[in-house]
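Have a look at the structure below before the remarks.
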Amino acid sequence: MSGNEAIARGLYESGASLVTGYPGTPSSEVIKHLAEMDGELVCWSVNEKVAFEEAYAAALSGVRSACVMKHLGTHWILDPLAVSAITGISGGLLIISADDPVPESSQSSTDTRNHAMICHIPAVEPSSPSDAKTLVKRCFELSERFSTPVLMRYTARLAHMFEPVDLGERTPGRVANFRSDPDRLVSIAPNVRRNIPELFRKIDEIKDFVRRPPWLSIEEGEGSLGVVTSGVSYLHLREVVEREGVRPHVLKLSVTYPLPDISDFLSHLERVVVLEDLDPVVEDQIYVLAHEKGIGVKIIGKHSGHLRQYGEITYEDVCSALTGDPPRTMGELVPRRIPQLCPGCPHRGAFVAIKSLKEAVVLGDRGCYNQGGNHPLRAIDMAIAMGSSVAMAIGLWRAGVNRPIVAVIGDSTFFHAGIPPLVEAVVSRAPIVIAVLDNMWTCMTGHQPSPSTGLDHMGRERPRISIEDVCRAVGVGFLITVDPYDLKEGRTAMRIALEMARRKSLPSVVVFRRECALQSVRRRGRTGVKYSVGGECIGCLSCLSIGCPAMDLVKGKVVILDACVGCGICSQVCPVGAIRRREEN
Amino acid sequence: MWYLLTGMSCRSHKEEGRELKFDVIVCGVGGQGVVLLSRVIAEAALLSGYSVRVSERRGLAQREGSVCSHVRIGRCFSPTIPLGHADLMLAMDMYEALRHIGYLSDEGKAVVNLSAKVHIPHHLGINVFPDPSRVKALLNERSLFIDAESLAARLGNAKVTNIIVLGASMRFMPLRRKKFEEALRIAVPERYLDLNLKALREGELSWST
Ligand code: SF4
Ligand code: SF4
């Protein structure tokens, strides 16, 4: 069972009644697995803030609930999260966030535990899948005991690590029962001022409550070296102890904020190594504690320069921090593989069309389509965060950038964070072109439904929201929908869209619509259409520059492989018409 | 007979009071079946009564990225294999074998599929990959090469290339063939089972041909 599945199982067994989320690698599989256990418990929300608020409301009505997201998603929920800490809850509420320390698939590698500190709620960290399952249950108990939301932070490593996990029975879910309590739940300043002291009393009580097992555990060692550890670094530490013959005293924390009083452990040590992924959250608290209690222990960690403040803590890092030897590293003997859009990806056609606008600044967003920024397609100039493309396009125009400005955004991202900047673009009269790449799924994270899919996570029909209707309602100046497989249509649409945007001083929208090629093959099978290169080929390699993985160069000749799904985009870029369509049965 | 022998040798490990420890790196390019391979090995180990921990790095598997799985059989703690400690590597591609060779211990063996898959930018002079013959030479000392693709083609389905590599690697693992067969039964759909069992056998016999 993977870490993600173990968390899902923990939620299931704890009797959670509602688990919401927005997909994001590495956390997406939690909801997928939970849906397999009971599809009625879960819901993919339009964005993380909505997901959190749905779960928060459920918790206020007495049932157990959770929301699951990646670290980037937690940036969107801070406002209501801070309030939820003040109002408290009735049923247990967990925020489960997967950090990406490396990062492997994120635009930043922030440490979610900081949010727990800002909002004054406990941060809990599992170190293995079985630990995660057990901790989910305990977190619900902690949450209900102190009427506080609890943040559970785990990492990509734990999400995609597998081990056998024992299964238990599901505790039945509770019946929702919302009791009005306006003095607590109407967050106007006088109420908040009255309730805030409570928050600080609670966090002190929690600090005291988690001072003992099972919230922490101590393994006696020899000598005067100690280690305080949490998360997956605990497992690396155990391995180092076994292999290197070091015998430190070990304190493993499940709650990393607030740090319980561990001065008894620290006071017997000469040196203590602090192991944690990303920011020195525990380490900082240890400095404060040591100072308060006058403990002279030498702290080895990120501030002392022994461990990096960024990246994942590896076995080699732990080994080096304990033994003092430089960490073993692996040289880069082979260049990195540059990811490409899939064979037949509709985004490829959209990007070829967008690139035909001379001199354009192209802003990407967050999704599969960012692969279009890689070599050899190289079609985008920047990609920042969810929804940023549209807003930053307006910013470029306001700043006076005098080139055509194109914002590219996917369907899921459009609904997540693209609509407010679209409104802004219209009211600002920004003459930008917005290309909505609608492939009808949230693909990057494993093909979850988006509002443009028309299906829910169980494949049942639900209302499909039309991107065109939204654009019309907002009042864009020009709107057109094209098939990205038709390059001529796409290029013409982009040209006219730019002209109209300039003429009307309003944003234009071009919707490139076609279902994701992978999903289309999965749902309807292959079409039987393939393309192949004929004898007319002059070897100019123009077709390779669109980066289709179904093409290869063998002994100087372009060949099309079996992976071809027959989109025909390559045949439209070949200057001599050497790539031809053929039907297969 | 070899599997009986390895089976016995790992029993004797236990009799001496030592627990088994066996670390396998499985690597390749997205779409080459690395994830399935690592799960079959893990399943076979579980069926043999060992504890197992697997850690996957899928990256952008769907999108031509490099993929690597750590399978840790027996007593272990870290989810990842410490550098220089893997006992065996199964590589679906020579470049990926070289990329991950640092995990292999000095005595460790690599079973490497003779494919050298470059990415598209290579052909346009971007992130150019080294020459396959050079890569092969660098790997030579610790590797056994197998042309699993041709063998799979002979069985009529390129998809089982990974299982052929597994068949060829079985002799280096302290697990019986029976357990791999049982694991395949669990991991692959019924209608492909025969083909996969054949591929396992084909890989196993590949050394003698
Ligand atoms: S038609 Fe051309 S671009 Fe489309 S999938 Fe086949 S090879 Fe790739
Ligand atoms: S674009 Fe046409 S002529 Fe040029 S290499 Fe490709 S197939 Fe040959």
Side-chain angles (χ1 to χ4, degrees), chain A residues 2-3 25-26 104-105 128 156-158 160-164 232 234-243 314-316 318-319 327-342 345 368 371 374-376 443-444 446 518 541 544-549 551-553 558 562-563, chain B residues 21 29-31 35 38-39 42 46 51-67 69-72 75-85 93-103 117-130 135 138-139 158:
Chain A
S2 70
T25 312
E104 288 185 43
S105 45
S128 70
R157 181 60 66 195
L158 178 55
H160 295 147
M161 150 184 174
F162 297 71
E163 67 175 16
V232 175
Y234 169 70
L235 300 179
H236 293 314
L237 173 71
R238 292 285 306 267
E239 183 106 15
V240 171
V241 165
E242 174 123 337
R243 281 183 189 272
T314 62
Y315 170 87
E316 286 72 26
V318 175
C319 204
R328 194 172 170 154
T329 56
M330 188 161 65
E332 270 209 21
L333 300 166
V334 183
R336 188 178 78 88
R337 285 185 191 272
I338 301 180
Q340 302 293 325
L341 297 166
C342 305
C345 175
C368 283
Q371 254 78 244
N374 290 343
H375 285 292
C443 293
M444 190 73 183
L518 286 178
L541 305 192
L544 287 187
S545 69
I546 61 171
C548 175
M551 306 183 107
D552 202 0
L553 193 68
V558 174
D562 201 42
Chain B
K21 255 193 225 178
V29 184
V35 169
S38 61
R39 291 200 182 158
L46 283 174
S51 67
V52 183
R53 205 163 246 172
V54 178
S55 176
E56 286 174 0
R57 183 178 204 147
R58 269 170 289 183
L60 295 160
Q62 217 34 286
R63 298 156 185 101
E64 302 280 295
S66 76
V67 189
S69 261
H70 299 226
V71 185
R72 311 202 66 190
R75 190 175 165 79
C76 71
F77 297 100
S78 261
T80 46
I81 302 171
L83 289 175
H85 283 288
D93 181 274
M94 293 203 286
Y95 291 124
E96 294 312 312
L98 185 58
R99 191 191 305 281
H100 297 102
I101 197 80
Y103 282 109
K117 200 169 155 39
V118 295
H119 57 174
I120 299 272
H122 167 93
H123 299 310
L124 301 163
I126 302 152
N127 271 22
V128 175
F129 279 44
V135 174
L138 283 170
L139 291 171

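In the text below, chain A, chain B and the rest are named by the order of the sequence lines, each starting its count at 1.
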Subject >> Beyond-backbone contact of Arg337(A) with Phe129(B), side-chain heavy atoms, under 4.5 angstrom >> reply: yes
Original post:
Is a donor on one side and an acceptor on the other found under 3.5 Å between the side chain of Glu239(A) and the backbone of Phe77(B)?
Top reply: yes
**OP:** List the steps and the verdict of side chain to side chain contact (heavy atoms under 4.5 Å, CB included) for Arg53(B) and Leu235(A).
**Re:** CA-CA 11 Å; Arg53(B) 205 163 246 172; Leu235(A) 300 179; 3.9 Å; yes
**OP:** Mind checking the CZ-OG spacing from Phe162(A) to Ser69(B)? Nearest 0.5 Å is all I need.
**Re:** 7.5 Å
Original post:
In Å, rounded to the nearest 0.5 Å, how long is the span from CD of Glu163(A) to OG of Ser55(B)?
Top reply: 11.0 Å
Original post:
Given the options Pro82(B), Ala158(B), Pro130(B), which has more heavy-atom pairs under 4.5 Å with chain A than any of the others?
Top reply: Pro82(B)
Original post:
Should Pro335(A) and His122(B) count as side-chain neighbours, where that means a heavy-atom distance under 4.5 Å?
Top reply: no
**OP:** Take Leu83(B) and Glu316(A) through the side chain to side chain contact (heavy atoms under 4.5 Å, CB included) test and state the conclusion after the steps.
**Re:** CA-CA 8 Å; Leu83(B) 289 175; Glu316(A) 286 72 26; 3.4 Å; yes
**OP:** Over all heavy atoms of both residues, which pair between Leu124(B) and Leu544(A) is shortest? Give the atoms and the distance, please.
**Re:** CD1-O, 3.9 Å
Original post:
For the residue pair Pro79(B) and His236(A), what are the closest heavy atoms and their distance?
Top reply: CD-CE1, 3.8 Å
Original post:
Within the distance-only criterion (no hydrogens, no angle test), does the side chain of Arg157(A) pair as donor or acceptor with the backbone N or O of Thr80(B) below 3.5 angstrom?
Top reply: no
Original post:
So what's closer than 4.5 Å to chain B heavy atoms on Cys548(A): side chain, backbone, both or neither?
Top reply: backbone
**OP:** With the side chain counted from C-beta on, respond yes when Asn127(B) and Arg336(A) share a heavy-atom pair under 4.5 Å apart, and no when they do not.
**Re:** yes
**OP:** Check whether Thr314(A) gets within reach of chain B through its side chain, its backbone, both or neither, counting any heavy atom under 4.5 Å.
**Re:** neither
Original post:
So what's closer than 4.5 Å to chain B heavy atoms on Arg243(A): side chain, backbone, both or neither?
Top reply: side chain
Subject >> Pairing residues for Asn374(A) by the side-chain contact (heavy atoms from CB on, under 4.5 Å) criterion, not counting sequence neighbours >> reply: Ile338(A), Pro339(A), Gln371(A)
Subject >> For Gly84(B) against Arg328(A), the heavy-atom pair lying closest together >> reply: CA-NH2, 3.6 Å
Original post:
Under the side-chain contact (heavy atoms from CB on, under 4.5 Å) test, which residues partner Leu138(B), sequence neighbours left out?
Top reply: Leu98(B)
Subject >> His123(B) vs Asp552(A), side chain to side chain contact (heavy atoms under 4.5 Å, CB included): CA-CA, chis, key distance, verdict >> reply: CA-CA 8 Å; His123(B) 299 310; Asp552(A) 202 0; 2.8 Å; yes
**OP:** Take Arg75(B) and Glu242(A) through the test salt bridge (Lys or Arg N to Asp or Glu O under 4.0 Å) and record every step on the way to the result.
**Re:** CA-CA 10 Å; Arg75(B) 190 175 165 79; Glu242(A) 174 123 337; 2.7 Å; yes
Original post:
Under a 4.5 Å heavy-atom cut-off, does chain A meet the side chain of Val128(B), its backbone, both or neither?
Top reply: backbone
Subject >> Rounded distance (nearest 0.5 Å) linking atom CG of Leu341(A) with atom CD1 of Ile120(B) >> reply: 11.5 Å
